[in-house]
Structures are given as C-alpha cells and as structure tokens.
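Note that ligands are numbered from 1 as they come in the structure, with each ligand's atoms numbered from 1 the same way. Computed from a predicted model, the values in this text were never measured in an experiment.
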Amino acid sequence: MKRVSNDSNTKIAKGEMDGKGEEELKLAVVGSINIDQTVIADRIPHKGETLPGHGLSYIPGGKGANQAVAMARLGADVAMFGCVGDDDNGRKMVENLIANGVKADQVRTVKGVPTGIAIITIGDNDNTIIVVAGANCKVDRAYVDSVKEDLLGYDMVVLQHEIPLDTVHYIVDLFSEHNFPVVLNPAPAAAVPAEIIEKVTWLTPNEHEAVLIFGEDKTAEELLRMYPGKLLITQGSRGVSVGLSSEEILTVPVRPAKVVDTTGAGDTLNGAFCYRIAMGDSVEDALRYANTAASLSTEKFSAQGGMPTAEEVEKAMKEL
Ligand code: RIB
C-alpha cells in the first residue's frame, strides 16, 4: 500500500499502484454515528425566540456515517468504524449503514451510553446543529487498538472531529507511520496541531474552520498556496478551492441548486472527494465531481436523503 499522491497533475491510480482493480479498493471512515432530530421552521430562531416548527423527523446522521454513506452511494467499498449505544437508535443507525451498502461489522455497541444525537433546525436555506456525542465518545484509543489490524487493511482512512480529538490524532499518527493516506475533515471546528497537518494527506476545512486552525492573519488564498495538494477549503456561496502543485488556485463555483436542505452537503463533498481521489482522479476532476454531488445533496431533505448515486452525478455534470 502506498501514500496517495497529492500532485494535481498526477492520476492517483491507487488501485493500479498496488495491482488492485477499482473494485478492490477499500475505504474506511472512523467517525461519528448520530440520529438527527430535525425540525423545519420558516427561519432559524433568534436567541431567546420561540418559533413554530413544521414536522419533526428522526433520521440517520453523524458526519462520519454521512461521509461513509455518501461514498457508498457513489459505488465505493467502504466500512464504518465507530460506536453506538445499546438502544433502538443505535440499532437503526447500524441497519441504515448496512442498507446503504456500508460495512458495519466493526461498529461497536456500547452499554450505558446513548447513541449520539444531533438536534437540527432547518430554515433560511441553512441549519443550526447541536450534537450530544453519547457513544461517539467511546471511539477511543482502546477501540482503535481493537480494530487496528483490520483498519490497516484499508486503502484510505477518512476522519472528522465528532469523535475524541485524541483518537483522531492517534489514527493520523498510525496511518502516517505506515505511509497510508489519511483525510481529515476538521468539522466541527477545533484546532489541528501543526504535526497533524503535516501528516495528513488532505485537510478539508470550511472557511470558518480554516480560520480557527490557521488564524486570521492569512487569507484563504495564502493558505491554499502554502499547502498545495493538501488543503481544500469550502467557502460557502464562493465555492470550493484547492491549491494545485502548479501554484495555481482552483476554485470550483457552487452549482446552482433548488435547495431544500443543506444538512450533510459538506459530508457529501468530503465523501465524494475522498472516493474520487482514491480512485485515481486528478484533484481538479475529483473536486468538480464532489462539488456536483454536494449540490445535488441539497435538493432533498435530510443529511443522507439527497446523497446522489454516481449516475446522478454524471448526469448533472453533463448538464452543467
Ligand atoms: O454534517 C451534518 C451532520 O452533523 C448531521 O447529520 C449531524 O448528525 C451532525 O453530526
């Protein structure tokens, strides 16, 4: 197994490098599994304000599980590593992963803690989210050690910030020691130590997370030039940008969409980008593909409800 190249001019033929066909390429997500308690309102309430809601839903979510499902919808062979509580929510979330084609053999059911839950309000074409981590806190070093042998059999590991940061850094160290590709989507926002930035293959913050990680004194453009082929920054309505090895900055504009719900759009982008990069796309191709997938995901309700299939992404890209 070899590190995925970050060179935008190079086809990252990971499967070819290892003599593997595309169908054998295996991706792993170590991350959160939540149930999303979602309410739609006319707009996001102000501080101290009460608004009527239009319907309440309990649906699969969690940034880790969302990214795994996004990849599986696109055709990836992907496994989820994480923890749920010994409760109905946990069982339903595992069933949902399996129903979406995500391997869930290593998802641990932990007694005495509830499955993670996210309280989501949707309004104004945006959302607010509060997460109660529950069993996601049990994705600790001991859990990683117990699945380590299996985990190191994957071709790429994808991480977010909804499990303990100590675990995230532990996995980055583990994978980089073995020279394996690791992608960190640092959401929700938290500082990322310089040595972790150094070790990851890709870091994919949004613009707010980028400020928290790198400080306010550098513009997104300056940061992208500092980390070509490593840093990808999503910038809301301004699209998504990456620094290429040619020193150019590639910005892919937002694809126009009839937005219903933006929840999970970032997860769709991350999942699609990781999958396409692992499959050997150039950075530019992977980003355009991921951007289209993310935009399609906003046209339906819920984090996972609008995640597109490969056919849907390809059709939308032709129409662009
Ligand atoms: O990124 C969206 C996700 O964030 C939701 O599904 C919710 O569970 C929170 O983790």
Side-chain angles (χ1 to χ4, degrees), residues 29-40 44 56-73 80-85 87 89-90 92-97 99-100 102 107 113-139 158-165 167-168 183-190 204-209 232-234 236 240 259-274 290-291 293-308:
V29 176
V30 186
S32 57
I33 304 168
N34 295 334
I35 181 156
D36 289 354
Q37 178 190 292
T38 302
V39 65
I40 302 174
I44 306 286
L56 176 66
S57 312
Y58 291 88
I59 38 192
K63 293 184 196 303
N66 291 346
Q67 293 182 22
V69 169
M71 292 188 226
R73 288 263 169 91
M80 181 77 209
F81 291 75
C83 294
V84 294
D87 49 28
N89 288 342
K92 283 183 193 149
M93 294 309 100
V94 172
E95 279 166 18
N96 172 69
L97 288 167
N100 277 285
V102 176
V107 173
V113 281
T115 296
I117 184 161
I119 312 296
I120 304 182
T121 305
I122 297 171
D124 302 324
N125 275 357
D126 213 329
N127 62 44
T128 58
I129 305 181
I130 295 177
V131 177
V132 181
N136 294 309
C137 285
K138 300 293 179 185
V139 186
V158 181
L159 304 163
Q160 310 77 27
H161 273 173
E162 276 188 339
I163 55 171
L165 294 184
T167 312
V168 171
V183 179
L184 174 57
N185 170 223
T204 64
N206 66 23
E207 53 196 333
H208 309 293
E209 290 149 6
L232 176 163
I233 304 182
T234 56
V240 52
V259 176
V260 172
D261 181 2
T262 57
T263 314
D267 297 329
T268 308
L269 185 129
N270 273 278
F273 181 75
C274 291
N291 190 55
S295 151
L296 286 169
S297 77
T298 67
E299 295 184 338
K300 289 186 189 154
F301 174 66
S302 88
Q304 297 175 13
M307 287 175 174

S.K.: Taking Asp36 for its side chain and Ser302 for its backbone only, find out whether a donor-acceptor pair lies under 3.5 Å.
M.R.: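 Not confirmed, Asp36 side chain does not pair with Ser302 backbone.
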S.K.: Tell me which protein heavy atom sits closest to atom 9 (C) of ligand 1, plus the residue, atom name and distance to 0.1 Å.
M.R.: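 For atom 9 (C) of ligand 1, the nearest protein heavy atom comes out as Glu162 OE2, 3.4 Å.
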S.K.: Would you confirm whether Ser32, through its side chain, and Ile163, through its main-chain N or O, come within 3.5 Å as a donor-acceptor pair?
M.R.: no
S.K.: Should Gly62 be listed as contacting ligand 1, given a heavy-atom distance under 4.0 Å as the test?
M.R.: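 The answer is yes, since Gly62 has a heavy atom less than 4.0 Å from ligand 1.
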S.K.: Taking only heavy atoms of Ala303, which atoms of ligand 1 are found under 4.0 Å from at least one of them?
M.R.: 6 (O)
S.K.: For atom 2 (C) of ligand 1, what's the nearest protein heavy-atom neighbour? Residue, atom name and distance, please.
M.R.: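 Of every protein heavy atom, Asp267 OD2, 3.3 Å lies nearest to atom 2 (C) of ligand 1.
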S.K.: Are the side chain of Asn100 and the backbone of Asn96 linked by a donor-acceptor contact shorter than 3.5 Å?
M.R.: yes
S.K.: I need the minimum non-hydrogen distance between Val84 and Ala135, along with the two atoms involved.
M.R.: C-CB, 3.4 Å
S.K.: At what distance is the nearest protein heavy atom to atom 4 (O) of ligand 1, and which residue and atom is it?
M.R.: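 It is Lys63 NZ, 3.1 Å.
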S.K.: Between Thr38, Asn185, Ile130, Asp36, which one has a non-hydrogen atom sitting closest to atom 7 (C) of ligand 1?
M.R.: Asp36
S.K.: Scan Asp261, Thr128, Thr262 and name whichever one has a side chain to side chain contact (heavy atoms under 4.5 Å, CB included) with Ile122.
M.R.: Asp261
S.K.: Please say whether Asn66 places an N or O atom under 3.5 Å from an N or O atom belonging to ligand 1.
M.R.: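 Looking only at distances, the answer is yes, because the N/O contact criterion of under 3.5 Å is met.
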S.K.: Atoms of ligand 1 less than 4.0 Å from Ala118 heavy atoms?
M.R.: 7 (C), 8 (O)
S.K.: Tell me whether the count of non-hydrogen atoms from other residues, nucleotides or ligands lying under 6.0 Å of CG in Leu56 goes above 12.
M.R.: yes
S.K.: Using distance alone, decide if ligand 1 has a nitrogen or oxygen within less than 3.5 Å of any nitrogen or oxygen in Ser32.
M.R.: no
S.K.: Pull out every atom of ligand 1 sitting under 4.0 Å from any heavy atom of Gly61, numbered as shown with elements.
M.R.: 6 (O), 8 (O)
S.K.: From the options Val158, Asn270, Leu269, select the one residue that forms a side chain to side chain contact (heavy atoms under 4.5 Å, CB included) with Thr204.
M.R.: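 Between Thr204 and the candidates, side chain to side chain contact (heavy atoms under 4.5 Å, CB included) is satisfied uniquely by Asn270.
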